[in-house]
Amino acid sequence: FYKKGEFKEAIKEFRRASYAEPDIALVYYNLGNIYLHLKQYSEAKREFQNALKLLENKDKDEIVSFSDRITTELLMRACSKNLEKIESLK
């Protein structure tokens with residue numbers, strides 16, 4: 001839905017995913033991107049903060065492979081960058 005530009009449907013699907021798997025930061029990151037695209041900045045900020053909180057609290061023992069560490073770091077940077085963007089729009 002996201003790639004098709006069907007953002008309301010994408011939000012519904014990511015919401016369902018967040019209820020089913022509440023510990024997956026990528027779900028909240030994707031929600032944040034949708035809200036950012038829709039210029040719903042407070043919602044976007046909330047979702048990026050949710051993603052960051054999950055990533056920051058991730059047990060270091062869970063991040064076993066190099067690719068996991070890189071993915072986590074890149075996702076954290078992307079969330080932080082988008083939060084900065086939202087703050088600059090206010």
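- Partners of Glu84 according to the side-chain hydrogen bond (donor to acceptor under 3.5 Å, both in side chains) rule, which considers only residues two or more places apart in sequence or in another chain, do not exist here.
- Residue Leu54 comes nearest to Asp23 through the heavy atom pair CD1-C, 3.9 Å, listed as atom of the first residue, atom of the second, then distance.
- For Tyr28 (side chain) and Pro22 (main-chain N/O), a donor-acceptor pair under 3.5 Å exists by modelled atom type.
- Taking CG of Leu75 as the reference point, atom OG of Ser80 lies at 9.5 Å (rounded to 0.5 Å).
- Screening residues 4-27 for ring pair (Phe, Tyr, Trp, His ring centres under 6.0 Å), with sequence neighbours left out, gives Tyr2-Phe7, Phe7-His37.
- Under the salt bridge (charged side-chain N to carboxylate O under 4.0 Å, His left out) criterion, the residue pairs touching residues 46-55 are Arg15-Glu47, with sequence neighbours excluded.
- Distance CD/Gln40 to CD1/Ile11: 6.0 Å, rounded to 0.5 Å.
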Inset, instruction - Test Tyr29 against Leu52 for side chain to side chain contact (heavy atoms under 4.5 Å, CB included), laying out the working first. - result: CA-CA 8 Å; Tyr29 173 74; Leu52 271 176; over 6 Å; no
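- Residues Ile86 and Lys45 come closest through the heavy atom pair CD1-N, 3.6 Å.
- For the atom pair Tyr35 OH and Asn30 CG, the distance stands at 12.5 Å (nearest 0.5 Å).
- For the atom pair CG of Leu38 and CG of Asn33, the computed distance is 11.0 Å after rounding to the nearest 0.5 Å.
- Note: Leu31 CG to Leu36 CG = 12.5 Å, rounded to the nearest 0.5 Å.
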